[in-house]
Enquirer: 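Quick one: structure below, then a few questions.
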Amino acid sequence: MPETPAVETDLVTAYTQANPKSRAAYERASRLLPGGVTHDIRMFAPFLPYIVKAEGAHKWDLDGHDYVDYAMGHGALILGHAHPSLVEAVTHQAGRGTHPGANHLLEVEWAERVHALVPGADLVRFVSSGTEATLLAVRLARAATGRRKLAKFQGHFHGWHDAVNPGQQPPYDDVDPGITVATAGETMVLPVDLDAVGSALARDPEIAAVIVEPSGASAGMVPLPAGFLQSLRALTAARGVVLIFDEVITGFRWAPGGAQQAYGVRADLVTMAKILAGGLPGGAVAGRRDLLEPIATGPGGRRIHHPGTFNANPLSAAAGIACLDLIKDGAAHKRCDEMARNLRDGLNGCLARRNVRGVAYGEASAFRLAFDARLSPGDPASLRNVPGDALKTQRQTPVAQYLTLALLLEGIHLLGWGGFLSTAHTAQDIARTVNGLDRALAQIGHLAPT
């Protein structure tokens, strides 16, 4: 087996030595938690820092290091960490009770905010996570149509439940252990190709719904072609197939009304989480009245059962209401989007100066990094030369691992291979990030294509 080059070995050593407390915490966690983590995206060698405090656009770890944070609660924190209004709302509600075990006004007020902002949100049903939201949406679609199958797209992520598990990673024939052949057979994994979609809908009358990340796969890692969503809407409508927009990421981030508002396309059902609950646990399904009403009463008295101990928990509702009230006018989105553009431009300028075949790209207040020999240094337009499979596997490349380490040592924390901006990020944070990338590339640029 080839030896690890000295530069990469030095990076691992420097990082490990700089983070003794986080290393000890990871070793402690590894004795009880599978892989030492509680989320797949945090599986990283040698380990990620353990955070003790977060405020605004920054967070601090056990060893006292300050990071500019682009994980932003996995995209949930459009207002940054510990926004005073959200802290006040949650603190106030905690003193009044965390679970009344009964109806409460906050659930009604929260639903009213969603109804006012999200196009087509005739009814709203709260759940506890994005995974629960897509699970419920698929069940609602099957109940309404009387059909069995779900169609999804290669590389698109919709949570971890059985119906949406197939087709997440190239070559898209993957299914996790524990999912039965029969269950996997009810999910059709399609390429992002309108002819393929049209053909599938025409030949298989059992397709109940098509679910899609309107940003493109993995929160925009693989962007969709222009006009794809509009054509997908027309194809599904023509066949009586329920169109589900998974807006767990794009909801309230792409626009106050999410991707539906941003792209001018109306889905039948929309799934939400993250920003919906102000960064606390919470999700929802919203959409057409006829699709959601069977939760209360169905044909012949056969309703769709949907309990949930923490549905519309008052702490999450309080945070969600406070957050949605602060972003409803779109000013927060304008600021976040501008900061994200400035960051992407700065990162691309750095890549061009270093003559590294990589780009920063993305929409709204999100960004991604990609490195590939087919890219022109710092030119997002050249992204069209790179197939989606190559974009989906960026995190498995050596440049991703060691550049992430180098950036952590510079005090920059990405989410996977990109991240999200918030209203708390500043021009100083952007400059620090661009300068950090420049210094990181000076160390590991030999790993990136030039």
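Positions are given from 1 along the sequence.
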Enquirer: Tell me, do L441 and L351 make a side-chain contact under 4.5 Å, heavy atoms counted?
Expert: yes

Enquirer: Using atom types as modelled and distance alone, determine if a side-chain donor or acceptor of D325 lies under 3.5 Å from a backbone N or O of A322.
Expert: no

Enquirer: Could you state the interatomic distance from CG (D162) to OG1 (T183), rounded to the nearest 0.5 Å?
Expert: 5.5 Å

Enquirer: Donor-acceptor pair, N165 side chain versus D176 backbone, under 3.5 Å?
Expert: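 Yes, because the side chain of N165 sits within donor-acceptor range (under 3.5 Å) of the backbone of D176.
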
Enquirer: Does the K21 side chain pair with the main chain of G64, one donor and one acceptor, at a distance under 3.5 Å?
Expert: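 No.
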
Enquirer: Can you find a heavy atom in the side chain of F420 that is under 4.5 Å from one in the side chain of I249?
Expert: yes

Enquirer: Check for a donor-acceptor pair, side chain of K274 on one end and backbone N or O of H74 on the other, with a separation under 3.5 Å.
Expert: yes

Enquirer: Run the side chain to side chain contact (heavy atoms under 4.5 Å, CB included) test on L383 and L375 for me, step by step, so that the C-alpha distance in whole Å, both residues' side-chain angles and the decisive distance to 0.1 Å come before the verdict.
Expert: CA-CA 6 Å; L383 201 67; L375 293 169; 4.1 Å; yes

Enquirer: Which distance, rounded to the nearest 0.5 Å, do you find between the CD1 of I444 and the CD of E8?
Expert: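 With rounding to 0.5 Å, CD1 (I444) is 8.0 Å from CD (E8).
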
Enquirer: Check F44, Y402, Y26, F47 against Y15 for a ring-ring contact (aromatic ring centres under 6.0 Å, His included) and give me the one that passes.
Expert: F47

Enquirer: Hey, are the side chains of L48 and V37 touching, using non-hydrogen atoms and a 4.5 Å cut-off?
Expert: no

Enquirer: Where the side chain of T450 meets the backbone of N355, is there a donor-acceptor pair that is under 3.5 Å apart?
Expert: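 No.
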
Enquirer: Apply side chain to side chain contact (heavy atoms under 4.5 Å, CB included) to V124 and W110, showing your working.
Expert: CA-CA 9 Å; V124 182; W110 198 12; over 6 Å; no

Enquirer: Are E338 and K334 close enough for a salt bridge, meaning some N to O gap below 4.0 Å?
Expert: no

Enquirer: Over 60° means perpendicular and under 30° means parallel, so classify the ring planes of H65 and Y67, tilted if in between.
Expert: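 If you compare the ring of Y67 with that of H65, the planes turn out perpendicular.
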
Enquirer: Using 0.5 Å steps for rounding, measure from the CG atom of L190 to the CD1 atom of I207.
Expert: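 Going from CG on L190 over to CD1 on I207, the span is 6.5 Å.
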
Enquirer: Just verifying a value: how many Å separate R233 CZ and L243 CG, rounded to the nearest 0.5 Å?
Expert: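 R233 atom CZ to L243 atom CG measures 4.5 Å (nearest 0.5 Å).
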
Enquirer: Is any side-chain heavy atom of K152 closer than 4.5 Å to a side-chain heavy atom of T187?
Expert: yes

Enquirer: For residues 75-83, dump all side-chain donor-acceptor pairs below 3.5 Å to protein atoms at least two apart in sequence or in another chain.
Expert:
from	atom 1	to	atom 2	distance (Å)
H81	NE2	D69	OD2	2.6
H83	ND1	S85	N	3.1

Enquirer: On a heavy-atom basis, which atom in G155 and which in A217 lie closest, and how many Å separate them?
Expert: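 Between these two residues, the closest heavy atoms are O-CB, 3.4 Å.
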
Enquirer: Dump the intermediate steps for side-chain hydrogen bond (donor to acceptor under 3.5 Å, both in side chains) on Y361 and N348, then the final yes or no.
Expert: CA-CA 9 Å; Y361 63 102; N348 281 321; over 6 Å; no

Enquirer: Checking D337 side chain against S365 main chain: does a donor-acceptor pair fall under 3.5 Å?
Expert: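 Yes, D337 side chain to S365 backbone: donor-acceptor pair under 3.5 Å.
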
Enquirer: Rounded to the nearest 0.5 Å, how far does OG1 of T271 lie from CG of L135?
Expert: 11.0 Å

Enquirer: Could you check whether T426 and D429, counting side-chain N and O atoms only, form a donor-acceptor pair closer than 3.5 Å?
Expert: yes

Enquirer: Apply side chain to side chain contact (heavy atoms under 4.5 Å, CB included) to L369 and Q394, showing your working.
Expert: CA-CA 9 Å; L369 289 168; Q394 286 284 310; over 6 Å; no

Enquirer: Sequence neighbours left out, what passes side-chain contact (heavy atoms from CB on, under 4.5 Å) with S231? Give chain and number order.
Expert: L194

Enquirer: Enter the distance from L407:CG to H413:NE2 here, rounded to the nearest 0.5 Å.
Expert: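 If we round to the nearest 0.5 Å, L407:CG and H413:NE2 are 10.5 Å apart.
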
Enquirer: Do R368 and L391 come close enough that some side-chain heavy atom pair is under 4.5 Å?
Expert: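 No - every pair of side-chain heavy atoms lies 4.5 Å or more apart.
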
Enquirer: Please determine whether a side-chain nitrogen of the Lys or Arg among R432 and D66 lies less than 4.0 Å from a carboxylate oxygen of the Asp or Glu.
Expert: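 Counted as a salt bridge, because a side-chain N and a carboxylate O are separated by less than 4.0 Å.
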
Enquirer: With side chains defined as the heavy atoms from C-beta onward, is the minimum distance between F252 and V118 less than 4.5 Å?
Expert: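 Side-chain contact under 4.5 Å: yes.
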
Enquirer: Sub-3.5 Å donor-acceptor pair from the side chain of T134 to the main-chain atoms of H158, do we have one?
Expert: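 Yes, the answer is positive, given that a donor and an acceptor are paired below the 3.5 Å cut-off.
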
Enquirer: Any donor and acceptor pair, going by atom type alone, linking the side chain of D63 with main-chain N or O of S22 inside 3.5 Å?
Expert: yes

Enquirer: Can you find a pair of side-chain heavy atoms, one from P377 and one from V356, that are under 4.5 Å apart?
Expert: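 No - every pair of side-chain heavy atoms lies 4.5 Å or more apart.
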
Enquirer: Could you tell me whether the side chain of Q168 and the main chain of D174 form a donor-acceptor pair under 3.5 Å?
Expert: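 Not at all, since once roles are kept as given, no pair shorter than 3.5 Å links the two residues.
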
Enquirer: Test side chain to side chain contact (heavy atoms under 4.5 Å, CB included) on F371 and L447; report intermediate values, then the result.
Expert: CA-CA 10 Å; F371 295 87; L447 292 173; over 6 Å; no

Enquirer: Do Y263 and F245 make the cut of ring centroids closer than 6.0 angstrom?
Expert: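 Between F245 and Y263, which both carry aromatic rings, the centre distance is not below 6.0 Å.
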
Enquirer: Let me see the working for T250 and E247 under side-chain hydrogen bond (donor to acceptor under 3.5 Å, both in side chains), right down to the final yes or no.
Expert: CA-CA 5 Å; T250 58; E247 294 224 45; 2.6 Å; yes

Enquirer: R374 vs S382, test: side-chain hydrogen bond (donor to acceptor under 3.5 Å, both in side chains). Steps then yes/no.
Expert: CA-CA 8 Å; R374 290 161 286 196; S382 64; over 6 Å; no

Enquirer: Which ring-ring contact (aromatic ring centres under 6.0 Å, His included) pairs, counting each pair once, include a residue from residues 422-444, with sequence neighbours left out?
Expert: Y70-H425

Enquirer: Do D268 and R288 meet the salt-bridge criterion of a basic N to acidic O distance under 4.0 Å?
Expert: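 Yes, charged N to carboxylate O under 4.0 Å.
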
Enquirer: Please check: side-chain N/O of S316 versus main-chain N/O of P281, any donor-acceptor pairing under 3.5 Å?
Expert: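 Pair found, side chain donor or acceptor close to backbone of P281.
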
Enquirer: Hey, mind stepping through K392 and S218 against side-chain hydrogen bond (donor to acceptor under 3.5 Å, both in side chains) and telling me if it holds?
Expert: CA-CA 8 Å; K392 278 290 291 186; S218 296; 2.6 Å; yes

